[in-house]
Amino acid sequence: MRRMANGELPKIGILVGTHGRGSNMRALAQACASGSVPANVGVVVSPSEAAPAWTVAKELGLPTAVVDVSGPDAGERLIEAFRQADCSLVCLAGYMRLLPAEVLRAFPNRVLNIHPALLPKFGGKGMYGMRVHEAVLAAGESESGCTVHLVNERYDEGPIVLQLRCPVLPDDTPETLAARVLELEHRAYPEAVRRVLAGLHP
Ligand code: GRF
């Protein structure tokens with residue numbers, strides 16, 4: 001287990017979105033609590049107290065912060081929230097906007113995202129939620145899965161850390177496929193964080 005120079009476990013920051021359920025945040029928090037990811041959740045940052053993921057974070061007893069992610073100072077506010085919580089890694093979990101470039105500069109190669117398909121296919125602007133699974137089915141793919149990747153200035157384009165795959169079944173609907181992929185996401189995200197913290201990536 002890799003500890004910081006002061007002997008403490010590293011801290012991860014989790015940035016959720018307004019509409020996400022918070023299930024990946026929960027999976028990361030549980031992996032930290034069980035010790036399978038050698039880290040602590042430093043802070044869950046949400047754009048709003050109305051976000052469902054915010055309620056989940058509160059139920060789990062996680063440290064939380066609300067940060068206004070609009071306007072020219074959004075990046076500085078996000079950096080401040082993660083630095084105040086001493087985070088060395090930032091995980092996007094249901095955050096749909098492009099991250100301000102200054103956040104990426106403040107945490108170089110230390111911002112991760114999870115996407116519910118096998119990138120580079122079925123990614124990019126507007127490709128989120130059920131649209132992704134609809135597109136996978138419309139394309140007649142025989143498999144799908146999820147991708148954890150480093151975040152850069154473009155949607156869903158950073159280097160891939162980990163992918164997990166599952167079959168697409170003949171009678172799948174977007175909803176059944178989404179549920180199968182979501183189970184993979186909850187395994188993939190903690191494992192990817194573990195690898196990045198262990199220095200295995202990049
Ligand atoms: C997940 O499907 C993830 O891949 C995508 O947004 C969704 C968030 O879901 N980036 P949840 O809020 O973690 O349940």
Side-chain angles (χ1 to χ4, degrees), residues 12-33 37 39 41 43-60 62 64-67 69 78 89-99 103-104 111-137 141 143-166 168 172-193 195-196:
I12 62 170
I14 303 176
L15 177 56
V16 299
T18 319
H19 301 295
R21 295 150 292 204
S23 71
N24 279 288
M25 176 202 67
R26 182 193 293 272
L28 288 171
Q30 286 174 342
C32 289
V37 169
V41 176
V43 66
V44 174
V45 172
S46 171
S48 157
E49 287 189 18
W54 169 269
T55 309
V56 177
K58 287 287 182 196
E59 279 167 13
L60 292 172
L62 298 173
T64 48
V66 170
V67 172
V69 294
L78 285 167
L89 184 69
V90 174
C91 299
L92 309 188
Y95 185 76
M96 303 300 179
R97 294 170 171 235
L98 270 189
L99 209 54
V103 181
L104 299 175
V111 182
L112 293 176
N113 182 44
I114 188 158
H115 185 77
L118 297 172
L119 293 175
K121 284 173 146 186
F122 308 109
K125 191 168 165 54
M127 266 297 190
Y128 58 83
M130 230 23 101
R131 290 186 200 179
V132 177
H133 307 293
E134 284 162 4
V136 170
L137 292 178
E141 296 287 319
E143 64 173 8
S144 190
C146 65
T147 305
V148 183
H149 64 97
L150 295 173
V151 175
N152 67 14
E153 318 74 44
R154 291 177 298 279
Y155 283 104
D156 302 324
E157 278 191 26
I160 290 171
V161 176
L162 180 66
Q163 290 187 311
L164 293 182
R165 293 162 188 273
C166 63
V168 175
D172 262 335
T173 63
E175 289 75 18
T176 58
L177 181 56
R180 193 173 310 119
V181 170
L182 191 62
E183 274 183 38
L184 292 185
E185 292 185 44
H186 298 161
R187 284 174 24 215
Y189 217 167
E191 174 59 19
V193 168
R195 290 186 190 185
V196 170

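Computed over heavy atoms, backbone and side chain alike; hydrogens, waters and symmetry mates excluded. Since the model is a prediction, treat every value here as computed from it, not as a measurement. Numbering of ligands and ligand atoms starts at 1, following listing order.
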Mind checking whether Gly22 has a heavy atom under 4.0 Å from ligand 1? yes
Is the closest side-chain heavy-atom distance between Leu92 and Ile14 below 4.5 Å? no
Within 4.0 Å of some non-hydrogen atom of Gly20, the atoms of ligand 1 are 12 (O)
Please answer whether the main-chain N or O of Ala93 pairs with a side-chain N or O of Tyr189 as donor and acceptor at a distance below 3.5 Å. no
Is there a nitrogen or oxygen of Asn113 sitting under 3.5 Å from a nitrogen or oxygen of ligand 1? no
Note the single closest protein heavy atom to atom 9 (O) of ligand 1, along with its residue, its atom name and the distance in Å. Arg21 NH2, 3.0 Å
Check whether any side-chain heavy atom of Glu191 sits under 4.5 Å from a side-chain heavy atom of Val196, and report yes or no. no
Among all protein non-hydrogen atoms, which one is nearest to atom 8 (C) of ligand 1, and what is the separation to 0.1 Å? Gly94 CA, 3.7 Å
Looking just at side-chain N and O atoms, do His186 and Ser23 make a donor-acceptor pair shorter than 3.5 Å? yes
With side chain to side chain contact (heavy atoms under 4.5 Å, CB included) as the criterion, how do Arg97 and Tyr95 come out once you've worked through the C-alpha distance, each side chain's angles and the decisive distance to 0.1 Å? CA-CA 6 Å; Arg97 294 170 171 235; Tyr95 185 76; 3.4 Å; yes
Given Ala93, Ser23, Ala27, which one has a non-hydrogen atom that is nearest to atom 11 (P) of ligand 1? Ser23
Kindly indicate whether the side chain of Val103, heavy atoms from C-beta on, has any atom under 4.5 Å from the side chain of Val90. no
For atom 4 (O) of ligand 1, find the nearest protein heavy atom and state the residue, atom name and distance (0.1 Å precision). Glu185 OE1, 2.7 Å
Just going by heavy-atom distances, which of Val132, Ile114, Leu184, Val148 is nearest to atom 5 (C) of ligand 1? Ile114
